[in-house]
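Just so it is clear, the model here is predicted, and its values are computed rather than measured. Along the sequence shown, the residues carry numbers beginning at 1.
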Amino acid sequence: MNGLIFSVKKYSVHDGPGIRVTFFMKGCPLNCLWCHNPEGISPEPVEIENIRKIGERSFSEKEQAGKFYSVNEILDIIRGEDVFIKESGGGVTFSGGEPFFQPEFLLEALKACKDEGYHTIVDTSGYTTEAKLNSVIPFTDMFLFDIKHLDEKKHIELTGVSNRLILSNYLSLLKSGKDLMIRFPVIPGYNDDINHLEQLRSFFNETKKENLRKLCLLPFHKTGASKYVRLRKDYRMKDTEQPSTGRMNDLKEYFSFTGIKIKIGG
């Protein structure tokens, strides 16, 4: 069985504890306005244009985002990073796109990683069926789980899908007892108004359990903007500014009243 992956990140320190290898899997049912991995949305390989300059001359080169890997090839990559993984208490993370867009491959890869003793993480939008989620729970040590907006109508406007399934899966994971880290992207003008922040704080305070290890506040950034040019897509967030350090520190203090450990960034 093969899986389609558009990026492999070694020595990753922002996708869970320790030093990790992160596999970014192709395909995503969401279409978030601020997506910084647009090359991961399509379930098929996509062509990206790179412009290279030599002196005064520019050259256009094409590359493909998306390569098929077998489970054994994934294991070989992870084994090559063993010394860093073991010394740091790290492991392997499956991200995207949306890992559950390739559920069979995700399950087989997780099983294989656990068989070799690796700590496993699934980084997900939460938009998947209960059956697919339940299938990987026994082989996943931690979930990184995005919550983008609590209002269903607003969530549809921002991502293209309802949040009902997402919130249901969030509650299911809390009940499962598996370690869980919430990621909330702070998008100025879209989900950071005081009414929504109040709703979020109450929601986390009311639903938290001991296995909710951390709430990560992810400041909006434009590091993915150049990818839209290379993909010849419209970048819809060009007029949105990154939240200031002061703003992020204020939000950290605001959510600290939930009693949950708060971190700025992944």
Side-chain angles (χ1 to χ4, degrees), residues 6-7 9 12 14-15 22 24-53 56-66 95-98 101 123-127 144-163 166 182-197 199-200 216-252 254-255 263-266:
F6 67 91
S7 180
K9 185 177 181 182
S12 173
H14 296 296
D15 298 310
T22 301
F24 293 87
M25 300 174 64
K26 284 278 285 172
C28 185
L30 279 67
N31 188 16
C32 302
L33 294 177
W34 56 86
C35 180
H36 61 276
N37 285 327
E39 73 276 32
I41 296 175
S42 169
E44 304 293 336
V46 295
E47 192 175 74
I48 296 179
E49 182 180 25
N50 290 320
I51 305 296
R52 303 189 184 278
K53 290 187 175 182
E56 297 296 321
R57 301 182 65 184
S58 296
F59 299 88
S60 175
E61 297 179 350
K62 307 288 186 181
E63 70 174 75
Q64 183 171 281
S95 186
E98 170 52 61
F101 209 87
D123 179 7
T124 177
S125 68
Y127 192 79
L144 307 185
F145 196 96
D146 291 356
I147 290 185
K148 300 176 173 72
H149 210 291
L150 292 182
D151 181 80
E152 183 182 15
K153 182 178 179 181
K154 192 68 176 177
H155 196 278
I156 293 172
E157 291 176 2
L158 298 179
T159 71
V161 302
S162 167
N163 63 358
I166 294 169
I182 296 299
R183 287 178 158 184
F184 172 59
V186 179
I187 316 298
Y190 291 89
N191 67 355
D192 68 337
D193 59 277
I194 188 59
N195 289 335
H196 184 235
L197 294 176
Q199 293 172 27
L200 267 179
C216 297
L217 305 176
L218 308 181
F220 167 74
H221 58 77
K222 294 184 178 181
T223 55
S226 63
K227 295 181 181 180
Y228 287 83
V229 176
R230 294 161 61 197
L231 288 165
R232 298 183 178 180
K233 288 186 174 184
D234 180 42
Y235 184 59
R236 297 169 288 181
M237 303 297 289
K238 54 182 174 292
D239 295 326
T240 302
E241 296 299 324
Q242 180 172 322
S244 67
T245 300
R247 171 62 168 165
M248 294 305 300
N249 286 332
D250 288 344
L251 290 176
K252 180 179 180 180
Y254 182 82
F255 282 104
K263 180 183 177 183
I264 298 175

For this session: Inspect the surroundings of NZ in Lys62 and state if more than 12 heavy atoms from other residues, nucleotides or ligands are less than 6.0 Å away.
Result: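 Above 12, so yes.
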Exercise. Any chance NE2 of His14 has more than 12 other-residue heavy atoms, nucleotides or ligands included, within less than 6.0 Å?
Worked result: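 No, NE2 of His14 has 12 or fewer neighbouring heavy atoms, counting only those of other groups under 6.0 Å.
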Can you measure from [atom1] ([X]) to [atom2] ([Y]) and round to the nearest 0.5 angstrom?
{"X": "His36", "Y": "Phe220", "atom1": "NE2", "atom2": "CZ", "result": "11.0 Å"}
{"X": "Leu217", "Y": "Leu251", "atom1": "CG", "atom2": "CG", "result": "6.0 Å"}
{"X": "Thr240", "Y": "Lys238", "atom1": "OG1", "atom2": "NZ", "result": "9.5 Å"}
{"X": "Cys32", "Y": "Asp146", "atom1": "SG", "atom2": "CG", "result": "7.5 Å"}
{"X": "Tyr235", "Y": "Leu33", "atom1": "OH", "atom2": "CG", "result": "10.0 Å"}

For this session: Just jot down the salt bridge (Lys or Arg N to Asp or Glu O under 4.0 Å) partners of Glu157, sequence neighbours excluded, or say none.
Result: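 Salt bridge (Lys or Arg N to Asp or Glu O under 4.0 Å) check on Glu157 returns Lys154.
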Kindly indicate whether the side chain of [X], heavy atoms from C-beta on, has any atom under 4.5 Å from the side chain of [Y].
{"X": "Phe145", "Y": "Thr124", "value": "yes"}
{"X": "Cys28", "Y": "Phe101", "value": "no"}
{"X": "Ser162", "Y": "His155", "value": "no"}
{"X": "Tyr127", "Y": "Glu98", "value": "no"}

Problem set entry | Sole residue of Gln64, Lys233, Lys227 in side-chain hydrogen bond (donor to acceptor under 3.5 Å, both in side chains) with Glu39 |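 One option only clears the test, and that one is Lys227.
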Exercise. Quick one: does Asp151's side chain have a donor or acceptor within less than 3.5 Å of a partner on Lys153's backbone?
Worked result: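 Yes, Asp151 side chain to Lys153 backbone: donor-acceptor pair under 3.5 Å.
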Exercise. Judged by atom type as modelled, is there a donor-acceptor pair below 3.5 Å linking the side chain of Lys263 to the main-chain atoms of Cys216?
Worked result: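 Looks like no, no N/O pair under 3.5 Å.
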Considering non-hydrogen atoms only, spot the tightest contact between [X] and [Y] and give its length.
{"X": "His149", "Y": "Asn163", "answer": "O-ND2, 3.0 Å"}
{"X": "Cys35", "Y": "Ile41", "answer": "SG-CD1, 4.1 Å"}
{"X": "Trp34", "Y": "Leu158", "answer": "CZ3-CB, 3.9 Å"}
{"X": "Gly40", "Y": "Phe6", "answer": "CA-CE2, 3.4 Å"}
{"X": "Phe24", "Y": "Gly96", "answer": "CD2-O, 3.5 Å"}
{"X": "Phe184", "Y": "Leu197", "answer": "CE2-CD2, 4.1 Å"}

N/O donor to acceptor pairs below 3.5 angstrom from side-chain atoms of residues 188-195, sequence neighbours left out:
unit_1: Asn191; atom_1: OD1; unit_2: Ile187; atom_2: N; d: 2.9
unit_1: Asn191; atom_1: ND2; unit_2: Lys148; atom_2: O; d: 3.1
unit_1: Asn191; atom_1: ND2; unit_2: Pro185; atom_2: O; d: 2.7
unit_1: Asp192; atom_1: OD1; unit_2: Gly189; atom_2: N; d: 2.9
unit_1: Asp193; atom_1: OD2; unit_2: Asn195; atom_2: N; d: 3.4
unit_1: Asp193; atom_1: OD2; unit_2: His196; atom_2: N; d: 3.0

Problem set entry | Worked check of side-chain contact (heavy atoms from CB on, under 4.5 Å) between Ile147 and Leu200 | CA-CA 9 Å; Ile147 290 185; Leu200 267 179; 4.2 Å; yes
